[in-house]
Amino acid sequence: MAAHTETQLLINNKLVSASDNATFDIISPYTGELVAKVPEATPTDVDTAVAAAEAAFPAWSSLSPVERGKPLKNMAELVLSERDELAKLDALAMGRPVSTYFDPNYAAPHFNYFAEAAYPQGHTSLNTPGFLNMSLRQPFGVVAIIIPWNAPLVFFSKKVAPAVAAGNCVVVKSSEKAPLTPWKLSTWIAKCGFPPGVINVLSGHGHIAGAALASHMRVRALSFTGSTRTGRAIQIASAQSNLKKVVFELGGKGPALVFEDADIDQAAIETENSINWNSGQTCMANSRIYVQESVKERFLQAFEKLARRRSMGDPMQKDVNHGPQADRTQFETVRKYIQLGKEVAKDTIDTSTEGEAGESKSLLVHPVIFTDVAEDSKVAKEEIFGPVVMINTFATESEAIQKANDTEFGLYAALYTKDLERAVRVGKKLESGMVGINCTSPTGCWDLPFGGWKGSGTGRESLLDSMEHYLEVKSLYIRAPGIGGIV
Ligand code: NAD
């Protein structure tokens with residue numbers, strides 16, 4: 001068996017063990033071997049990290065934006081130069097194929113952008129006679145950041161960069177399924193020039209360190225990406241503790257509508273990629289596809305052909321684009337939904353070859369296509385987070401919209417048609433934070449709001465929007481007889 005990695009927590013720029021020395025194991029979802037022993041941060045570690053962040057806050061928030069930006073730029077350089085190492089760590093921990101590792105291309109521009117963009121501004125008002133009034137936008141102090149496992153570097157960068165650029169100090173908790181890239185980043189924090197306590201990075205399970213952060217009285221804001229279930233638990237913990245500000249990017253069950261006038265081949269290529277990329281473990285995947293009845297067979301044939309062409313296997317191999325599910329829990333959950341789907345779908349297309357499914361020691365799941373699935377079934381309603389898609393049909397535009405919106409989620413919806421009027425008409429009616437027209441997820445853009453309606457979240461993140469989450473607003477009323485007033 002290959003040597004495993006031993007990681008640490010980063011508290012106050014010191015790499016340390018958990019306060020009780022407890023660790024948990026990371027097992028490769030492809031080989032089944034031990035990959036790493038990782039500290040299980042305790043509530044005591046959470047307290048120590050929050051205290052370090054609190055102590056660092058006055059000096060850090062007093063620096064100029066240029067000074068705060070310097071270490072962020074150093075981090076941008078490192079994530080690019082160490083790309084291969086980072087890719088390997090996510091492949092080992094959660095089976096993400098190295099061939100699909102785009103994350104540094106996302107993270108570096110985010111670190112660089114916020115290194116230069118932290119010039120928050122308030123308003124001034126002369127509208128009260130005898131007063132010169134103004135609003136200030138100021139950092140919260142200690143911000144907690146809790147991230148999921150499916151793209152750790154992406155979530156680390158999109159939250160940590162704006163939070164610290166705005167002058168906050170942060171405690172990040174990585175996911176128990178993919179703690180290795182956040183740990184690697186934590187080993188670079190001091191080298192990049194972040195003073196002690198500005199960025200603290202903890203590993204551990206949600207119900208321990210995550211829950212301690214969510215209910216911590218000295219954490220004033222919390223940014224979370226993960227499941228809707230956990231978002232609800234954090235909302236409750238916030239309400240029951242200090243009503244900290246919470247920002248949520250949550251789960252999805254995205255619809256894609258394919259009208260009969262669409263470019264069917266393009267729609268098949270893009271929707272197949274959307275649901276099967278990252279082995280179906282993507283929040284914005286179009287897991288529900290609705291095809292107009294007249295083009296169903298053509299679409300289905302094209303889609304199935306593509307799904308069968310996935311290159312499944314060892315995520316460390318450059319020619320593999322479909323790795324295993326992240327861990328045994330994910331694997332079992334997906335397989336449970338596949339069983340359920342067989343009961344509620346008219347037809348099942350399972351792309352695994354005879355005898356293959358279930359026998360390999362790896363946690364690979366071949367793409368599964370369900371057609372004509374009961375709309376009220378769990379498979380149609382719940383997020384599966386695996387390479388499992390339902391393909392149903394519609395006759396009319398209004399039926400398509402009704403089916404697309406019949407969900408508690410609202411992250412990313414897509415529609416394919418050559419009729420531009422219809423595209424805009426339908427796009428406006430879809431209850432979703434993001435809508436792709438003649439494109440689907442993961443297509444997006446970095447400077448428009450990313451986030452969900454309904455159970456898919458409460459926040460909007462982007463280069464232009466994210467900073468808002470990390471700033472409090474204060475109105476300052478200055479009595480100024482002789483100065484205040486419009487004239
Ligand atoms: P998860 O909710 O199980 O875990 C996310 C994080 O929350 C982890 O770090 C976990 O340890 C922590 N956590 C768990 N319970 C907690 C608690 N009680 N208090 C505080 N923290 C707790 O989600 P996951 O399985 O890691 O990620 C998959 C989910 O994330 C899917 O639902 C997916 O759709 C969603 N997601 C959403 C987006 C988005 O931008 N909207 C992006 C990626 C993933």
Side-chain angles (χ1 to χ4, degrees), residues 29-30 90-91 93-97 99-103 148-152 154 175 177-178 225-228 250-256 268-289 303-313 315 320-342 345 348-352 356-358 360 362-371 373 377-392 407 409 411-414 436 440-443 456:
Y30 185 69
D90 276 350
M94 46 80 66
R96 171 83 170 276
S99 70
T100 68
Y101 200 68
F102 74 93
D103 306 33
W149 48 269
N150 55 346
V154 164
S175 164
K177 294 189 199 323
T225 296
S227 65
T228 302
L250 307 175
K253 188 76 181 173
I269 289 168
E270 294 181 1
T271 54
E272 192 276 340
N273 177 61
S274 173
I275 180 61
N276 288 328
W277 192 86
N278 206 14
S279 307
Q281 303 168 130
T282 317
C283 52
M284 49 183 165
N286 51 222
S287 47
R288 297 181 294 137
I289 302 178
F303 191 100
E304 179 184 346
K305 208 157 129 192
L306 292 159
R308 287 191 184 280
R309 262 196 227 145
R310 295 247 130 216
S311 174
M312 317 268 305
V320 164
N321 68 4
H322 192 114
Q325 303 311 118
D327 70 358
R328 186 153 291 282
T329 309
Q330 291 298 126
F331 177 75
E332 297 297 351
T333 303
V334 172
R335 281 166 51 103
K336 184 192 81 187
Y337 278 111
I338 292 173
Q339 282 315 313
L340 283 176
K342 287 178 178 166
T348 301
I349 301 167
D350 186 341
T351 64
S352 57
E356 199 175 14
S360 165
S362 81
L363 304 179
L364 287 168
V365 175
H366 288 250
V368 173
I369 303 163
F370 292 123
T371 64
V373 176
S377 64
K378 285 186 174 214
V379 170
K381 291 281 178 244
E382 296 177 6
E383 186 181 40
I384 298 174
F385 228 51
V388 181
V389 70
M390 64 172 247
I391 301 182
N392 281 9
T407 169
F409 294 103
L411 191 57
Y412 194 121
T440 185
S441 65
T443 302
S456 289

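Model, not experiment: these values are computed from the prediction. When reading the values below, keep in mind they use all heavy atoms of this one structure, side chains included, and skip hydrogens, waters and symmetry mates. Throughout, residue positions are numbered sequentially from 1 according to the sequence presented.
To the nearest 0.5 Å, atoms OG (S362) and CZ (F331) are separated by 7.5 Å. Note: T440 OG1 to N273 CG = 9.0 Å, rounded to the nearest 0.5 Å. Atom OG1 of T443 is separated from atom CD of E270 by 6.0 Å, given to the nearest 0.5 angstrom.
Residues T282 and Y412 are not in side-chain contact: their nearest non-hydrogen atoms beyond the backbone lie 4.5 Å or more apart. Residues L364 and Y30 form a side-chain contact, since some pair of their non-hydrogen atoms from C-beta on lies under 4.5 Å apart. Taking the side chain as every heavy atom from C-beta outward, N276 and L306 never approach each other to under 4.5 Å. Residues P152 and D90 are in side-chain contact: their nearest non-hydrogen atoms beyond the backbone lie under 4.5 Å apart. Residues I349 and F303 fail the side-chain proximity criterion, which asks for heavy atoms closer than 4.5 Å. Side-chain contact check for P29 versus D327: every heavy-atom pair is 4.5 Å or farther apart. Between M94 and Q330, every side-chain heavy-atom pair lies at or beyond the 4.5 Å cut-off. Proximity of F370 to N392: side-chain heavy atoms (C-beta onward) are nowhere separated by under 4.5 Å.
Formation of a donor-acceptor pair under 3.5 Å by the T348 side chain with backbone atoms of K342 is not found in this model.
F385 meets the ring-ring contact (aromatic ring centres under 6.0 Å, His included) test with W149; sequence neighbours excluded. Remark: N278 engages no residue in a side-chain hydrogen bond (donor to acceptor under 3.5 Å, both in side chains) (not counting sequence neighbours). Considering only residues two or more places apart in sequence or on other chains, F409 meets the ring-ring contact (aromatic ring centres under 6.0 Å, His included) condition with none of them. Residues satisfying the side-chain hydrogen bond (donor to acceptor under 3.5 Å, both in side chains) criterion with R309, sequence neighbours excluded, are absent altogether. Considering only residues two or more places apart in sequence or on other chains, L411 meets the side-chain contact (heavy atoms from CB on, under 4.5 Å) condition with C283, M284, M434, S456.
For the side chain to side chain contact (heavy atoms under 4.5 Å, CB included) criterion with N321, the lone passing option out of S99, S279, P97 is S99.
The two residues V365 and M312 come nearest to each other via the heavy atoms O-CE, 3.6 Å. Across N150 and R96, no two heavy atoms sit closer than the pair O-NH1, 3.4 Å. Listed here is the closest heavy atom pair of A256 and T271: CB-CG2, 4.0 Å. Scanning all heavy atoms of the two residues, the minimum distance from A345 to V373 falls at CB-CG2, 3.9 Å. The nearest pair of heavy atoms linking A326 to K177 is CB-CD, 4.3 Å. Residues G95 and P315 come closest through the heavy atom pair O-CB, 3.3 Å.
With no hydrogens or angles considered, a side-chain donor-acceptor pair links D350 and S352 at under 3.5 Å. Donor-acceptor pairing under 3.5 Å is recorded for the side chains of S274 and N286.
Salt-bridge annotation for E332 and K336: absent, with no side-chain N of the basic residue lying under 4.0 Å from a carboxylate O of the acidic one. A salt bridge links R310 to E272: one of the charged nitrogens lies within less than 4.0 Å of a carboxylate oxygen.
Pairs passing the salt bridge (Lys or Arg N to Asp or Glu O under 4.0 Å) check and including a residue from residues 380-389, sequence neighbours excluded, read K381-D406.
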